[in-house]
Each structure stands twice: as C-alpha cells, then as structure tokens.
Amino acid sequence: MLLPKDRGHHHWAVSEITPQPVYQARRRWIAAAAGAWLVPRTVRAADPPAPMGAPLPGTRSAVPGALTMDKSTSLADATSYNNFYEFGLDKSDPAEYARALKTRPWSVAVEGAVRRPGTFGIDELLKLGAMEDRVYRMRCVEGWSMVIPWVGFSLSQLIRKVEPTGNAKYVQFVTLADRTQMPGLRSSVLEWPYVEGLRLDEAMHPLTLLAFGMYGQVLPNQNGAPVRVVVPWKYGFKSGKSIVKIRFVEQQPTTSWSLAAPHEYGFYSNVNPTVDHPRWSQASERRIGEGGLFAKKRPTLMFNGYEAQVGQLYAGMDLKRWF
Ligand SMILES: Nc1nc2c(c(=O)[nH]1)N[C@H]1C(S)=C(S)[C@@H](COP(=O)(O)O)O[C@H]1N2
Ligand SMILES: [Mo]
C-alpha cells in the first residue's frame, strides 16, 4: 500500500527511470558536444534533441484529485507505447520518428475571443505558472490505460492571462503539422493539423493541465513536446500533443476524431464505462505494464475516476447523447 507520504518523486526519481531512448538521446547530445567524429553520420544530420530528458522539477500539486494513488506506469512503457499519428500509426512509431522533432524554437499563438491575443515563445510559456507534479490516470479510447506523473500547471493560468471575452465559449487546440518532420502526415486517416477542443469551463477546470514534462523531465518528443494539454477525465485523444495554437471561439470547434468518425468519437468523449464505443465495450481497461496476456482487466471508472472533481460540469446532461 502506497501511503500519502510516499507519493511524490521517490518512485520515479529521474536517476532511476531514465529509459533507453532518453538515455541514448543524451549520449548523442554529449557526443555532439565532444566532437562530431564520435557521432554516427545519421545522427549528425539531425538536430540535437537538447532539452528532452533534462530535469524539470515541480512541486506537489495541491489541486484536488491531482495525485492519484495508483502506481505510475514505467517511463519505458510510457515512452514506447504511444499514439501520435503524425509520426505513424503503430504504437512504436512515435518513439522512433519523433526523435528528430525540433521543439525549439517553438511558439504557441493564442487568438480569437480574447482581450490579449498574442504569441508566446516556449520559454515565456514555461514561466507563466509554477510547475507542479501531478499523477494522472490516462485512459485511451482503445481500452488501455496508464498512470503518468506529469509536470506542468493548470491551463486556466494561461487562459486568465489572455482574458477571454464573453464570446469565448469553447477552446480549440491546434497541434503541429509539419510535413518535413512528420512522416505520418502522408496518411489520410485524419485531417491535419490534429485539432481538439474543450468547452471553456472544461478548459478552465484546475485538473486540465498544460504539460511540459513528465517523470520530472522535459517531455519526450513522442509524448507531445514541448507542450501539450492533458485532460485526465476524457479519452486520451482529447489531450493534444505538440500544440502550436489555442483559439477561443463561440461555436463548438471541429475536432479531428469526430470529423473522421462522428458516430464513434463525440466532442465530449468523457471516459464513461456505461457508454460503449459502437464497436467495443468501454466497461473495462488494460493497465499497461500490469501482467501479461492473462492479467485481469480493471473496471473503467466514471469520468476515469475524477467524478468528484468534474461531475458538476455535466450536471443535467444526457451523457449518452453528448458522448
Ligand atoms: N497531436 C496529437 N495528439 C495526440 C494524438 C495524436 O495522434 N496526435 N493521439 C492522442 C491519443 S489517442 C492518446 S491515447 C494520447 C497518448 O498520449 P501519450 O502517448 O502521452 O500517452 O495522445 C493523444 N494526443
Ligand atoms: Mo487514445
């Protein structure tokens, strides 16, 4: 049994969990500094993935619900089993192809129904709030889940800075679509750029996280570097990676998945064990890293276990209709 005082850094201390890809990236970085003759030809051409894996400490979040007691997924699993379709459809593609993603310089444009629109450089964005450690359960619509110790601050901190007007009812997130860096854009499974959205009150909820790191480190590219959204009570696809634009709008915005398959992926996409996907049950889930083929599935929890914190946002709504 993990006691409250045991939560925090100890079970994912940076020194203990550096996985192969991050370690290798660091070696390349060090090798690059040591002299180009040490670096294999294929690596020399790529940009050094400098900040990936660098320490990014946070302080324990005081936001209610932000520190689940569930055991964290290993960093090796969290960085090698990913959905990031811009880099390919296989779970192993993002770790392989996102390696060379250039995450600096990077900026996020904020536009639409706000009094203070503008463009934030990534370093400016990093300083907008105090970094917090938050351990969230993450549930993919495909039926698997992980527990990830993120580092970031509430998206609401950015939203307050840009002062939404009365016309701002929804927020749309636009993520990077760069053909020169993202081989997955050749596929037309989705329309690019990958877009997602939230109702303004969902975006303002303190659990909605603007994440810059995980496991006490700068985000690995395959997990959405340099900045992504994390909405723990919704299916994983609502949490857009590598964000370049945030738009405040009056009408419910387009989202890539509901555009691709409107009957399968609704705008809300709250984790809900009582509303099945048309092609499979959503009542249970496989926790990545938990046993092998014969491991018991876990029951999926209403709002992914965050009902006490977010249930009020949906009071009176028919969640079968607004799936
Ligand atoms: N830009 C972008 N963001 C994305 C995706 C994607 O394909 N492209 N996949 C989503 C899905 S389906 C999931 S489950 C999560 C996975 O995040 P993780 O790899 O950090 O666990 O990212 C989400 N964000
Ligand atoms: Mo997902």
Side-chain angles (χ1 to χ4, degrees), residues 19 21-22 52 72-98 101 103 106 108 134-152 172-178 181-198 208-215 217-246 255-261 264-266 269-271 277 280 282 285-289 300 304:
V22 174
M52 166 154 88
S72 292
T73 301
S74 74
L75 180 56
D77 281 342
T79 53
S80 60
Y81 189 86
N82 306 103
N83 277 333
F84 198 163
Y85 277 17
E86 289 86 332
F87 293 102
L89 303 185
D90 287 346
K91 294 286 181 282
S92 57
D93 285 339
E96 187 173 349
Y97 299 111
L101 175 69
T103 58
W106 191 279
V108 177
R134 302 193 182 184
V135 188
Y136 284 175
R137 282 182 295 273
M138 306 296 297
R139 169 65 155 78
C140 179
V141 74
E142 295 166 343
W144 49 268
S145 62
M146 294 192 191
V147 178
I148 302 199
W150 300 107
V151 185
Q172 186 181 44
F173 305 96
V174 182
T175 79
L176 183 72
D178 179 353
Q181 301 195 79
M182 298 172 140
L185 298 195
R186 274 173 279 176
S187 151
S188 52
V189 275
L190 294 175
E191 275 184 39
W192 314 107
Y194 188 101
V195 281
E196 257 309 331
L198 297 171
T208 301
L209 184 70
L210 201 56
F212 302 88
M214 57 190 232
Y215 300 79
Q217 305 178 0
V218 167
L219 276 178
N221 292 346
Q222 60 267 42
N223 295 90
V227 58
R228 72 175 296 175
V229 169
V230 183
V231 193
W233 69 94
K234 292 176 181 281
Y235 291 118
F237 66 85
K238 299 294 292 180
S239 297
K241 295 175 171 181
S242 305
I243 286 177
V244 293
K245 191 182 288 185
I246 302 179
T255 64
S256 289
W257 280 103
S258 47
L259 196 65
E264 304 195 3
Y265 309 104
S269 287
N270 291 313
V271 174
H277 186 279
W280 59 81
Q282 292 290 31
E285 66 201 53
R286 185 169 62 88
R287 183 64 55 85
I288 299 298
T300 287
N304 206 24

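One-based numbering, in listed order, for ligands and for the atoms of each.
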So is [X] polar-close to ligand 1, meaning N/O to N/O under 3.5 Å?
X: W144; result: no
X: S239; result: yes
X: R228; result: yes

- Around atom CD of E191, are there more than 12 heavy atoms of other residues, nucleotides or ligands at under 6.0 Å? no
Nearest protein heavy atom to [atom], by residue and atom, and its distance?
atom: atom 3 (N) of ligand 1; answer: K241 N, 3.0 Å
atom: atom 12 (S) of ligand 1; answer: N83 ND2, 3.5 Å
atom: atom 8 (N) of ligand 1; answer: E86 OE1, 2.8 Å

- Message: Quick check: W257 with Y235 (ring centres under 6.0 Å apart)?
- Response: no
- Item | R287 versus S145, side-chain donor and acceptor atoms under 3.5 Å | yes
- Item | K91-N82 side chain donor-acceptor pair, cut-off 3.5 Å | no
- Query: Side chain or backbone of Y194 under 4.0 Å from ligand 1, or both, or neither, by non-hydrogen atoms?
  - Reply: side chain
- Query: Shortest non-hydrogen contact from V141 to Q282?
  - Reply: O-NE2, 3.1 Å
- Item | Minimum heavy-atom distance between A225 and S242, given as atom pair plus value | O-OG, 2.7 Å
- Please state whether the rings of Y265 and F237 are parallel, tilted or perpendicular, taking 30° and 60° as the class boundaries. perpendicular
- Query: Counting each atom of ligand 1 from 1 as listed, which ones have a heavy atom of T175 under 4.0 Å away?
  - Reply: 1 (N)
- Numbering as shown, the atoms of ligand 1 that approach C140 to under 4.0 Å (heavy-atom distance): 14 (S)
- Query: Would you say G240 touches ligand 1, if touching means a heavy atom closer than 4.0 Å?
  - Reply: yes
- Query: Quick one: does M146 get a heavy atom under 4.0 Å from ligand 1?
  - Reply: no
- Message: For atom 15 (C) of ligand 1, which of the options P220, G236, P193 provides the nearest non-hydrogen atom?
- Response: G236
